[in-house]
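One structure below.
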There are 2 protein chains.
Amino acid sequence: MSTRDDLTTAMAELLWERGYAATSPREVMARAGVGQGSMYHHFSGKHELAVEALSAVIGEMTGESSLLEGGASPLERMKRYLSVPRAGTLGCRVGRMTQDPQVVVDAELIAIVANAFDTMLGRWEQTIAAAIAAGELPASIVPADLARTLAAVIQGGYVLARAKGEQGPMDAAIRGAVSLLDAAHAAGTDD
Amino acid sequence: MSTRDDLTTAMAELLWERGYAATSPREVMARAGVGQGSMYHHFSGKHELAVEALSAVIGEMTGESSLLEGGASPLERMKRYLSVPRAGTLGCRVGRMTQDPQVVVDAELIAIVANAFDTMLGRWEQTIAAAIAAGELPASIVPADLARTLAAVIQGGYVLARAKGEQGPMDAAIRGAVSLLDAAHAAGTDD
DNA sequence: GTCTATAATCCGATAGAC
DNA sequence: GTCTATCGGATTATAGAC
């Protein structure tokens, strides 16, 4: 692994653990095991290093929401993606960025985050529309709205889990969403 | 307004705008319009000032979730509280704290946040249980689970709104949750 | 390409005059 | 009770030897 990769890996870890504002170049270099000057050889500074690290993280994670696209019925795919194990107390590596004041102000960083959410929400919308078309959810549901509701359940689950320092609230939030989807399914649908 | 109140007010504002870790005593004093030493006369340091400011904020906000307890039917109360106007791009003054690494590590601060969520979740649970008892929601719903789901929709709505820098995702997430509750209501319930 | 040394600034906190 | 001055250490970044 190159020195450059060591630096992006260390930055990605620290972005998750501490966020952007609270992570210093010094810490990144210490974790990567390189000297002070190396980072400024490969990157123009903290900002550019974070852009590259965050892009790499999102590249990995975007693959996960493709679980919404696999073989089962649309509603089954929705429940399958909701139920992916998520370590609530660690927080979401992408969603956490939105609470960092320095990230929200940084046009390039926040654009990367917004883009990742757009990709995921697009997959949600398509799957929800398919569920409605298949009669698994009532026609009163607006796919663009429910997509944001379910993405919010996941993001909010992280918030509740971190507030308590426990996994429980995350799992409960997911169970509640699934039970609501099941109840809506049982309502005047035609399957 | 006393110097002490000026300091807690300034700290409360900065906790909202920037979070705990990113707020320096220097900024608090500047916003409050007092000199360096004044803060250390009234408070032992940044931590104690934040404890007092956060407690005050939560005191104000906890009143809001009592909207779940008013006169209408349980399901109407749930929808009423979900639909309270919330400025998504500003973030939640309480939920935001859970993403601050210095807050999560501070036992006293995180306990204040956890307590605020517990109070709100308790009100959600009671109202949901009442809705089930009234036949407005199916008996398959677990109040403790759905309480966390709906609290998560609100918290996650803030995350999505901040990611886009727009109010839209917050409102959409709420609309989706309300439509899901309506669909669940229409399902095999007995009213 | 990597390192050490150092810049200027800010951090949270303290000391002590008034 | 409020102020200014200052501490020791951290910050992001640059300079320049190797």
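From a predicted model like this one, the values you see are computed outputs, not experimental measurements. A note on names: the letters A, B, ... follow the listed sequences, proteins ahead of strands, and every chain is numbered from 1.
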Nucleotide nearest Lys46(A) (side chain, heavy atoms from C-beta), chosen from dT12(D), dG1(D), dA13(C): dT12(D)
Length of the line joining His41(B):NE2 and dT2(D):C1', which is rounded to integer Å: 9 Å
Verify same cluster id: Leu121(B), Val142(B) (apolar side-chain graph, 4.5 Å): no
Rounded interatomic separation in angstrom, taking CG from Asp5(A) and C1' from dG1(C): 15 Å
Salt-bridge criterion met for Arg148(A) and Glu125(A) (N-O under 4.0 Å): yes
Whole-Å distance separating the CG atom of Leu7(A) from the C1' atom of dT2(C): 12 Å
Spacing of Gln102(A) atom CD relative to dT11(D) atom P, expressed in whole Å: 13 Å
Rounded distance in Å - CG (Leu14(A)) to C1' (dT11(D)): 15 Å
Leu82(A) with Leu90(A), same ILVMFWY side-chain cluster at under 4.5 Å: no
DNA chain D-proximal residues of residues 20-39 of chain B, any heavy atom under 4.0 Å: Val34(B), Gly35(B), Gln36(B), Gly37(B), Ser38(B)
Path from Tyr158(A) to Trp16(A) over hydrophobic side-chain contacts below 4.5 Å: no
Electrostatic pair Arg31(B):Glu17(B) at N-O distance under 4.0 angstrom: yes
Within 45° cone of Tyr20(B) ring axis and under 6.0 Å: Arg96(B) NZ or CZ: no
Same apolar cluster (I L V M F W Y, side chains within < 4.5 Å links), Val84(B)/Met78(B): yes
Distance in angstrom units between Arg4(A) CZ and dT2(C) C1', rounded: 15 Å
Value in whole Å for how far the P atom of dG1(D) lies from NE2 of His42(B): 6 Å
Spacing between Arg18(B) atom CZ and dC11(C) atom P, to the nearest angstrom: 9 Å
Phosphate OP1/OP2 of dT2(D) contacted by Thr3(B) side-chain N/O (<4.0 Å): yes
Side-chain N or O of Tyr40(B) closer than 4.0 Å to phosphate OP1/OP2 of dT14(C): no
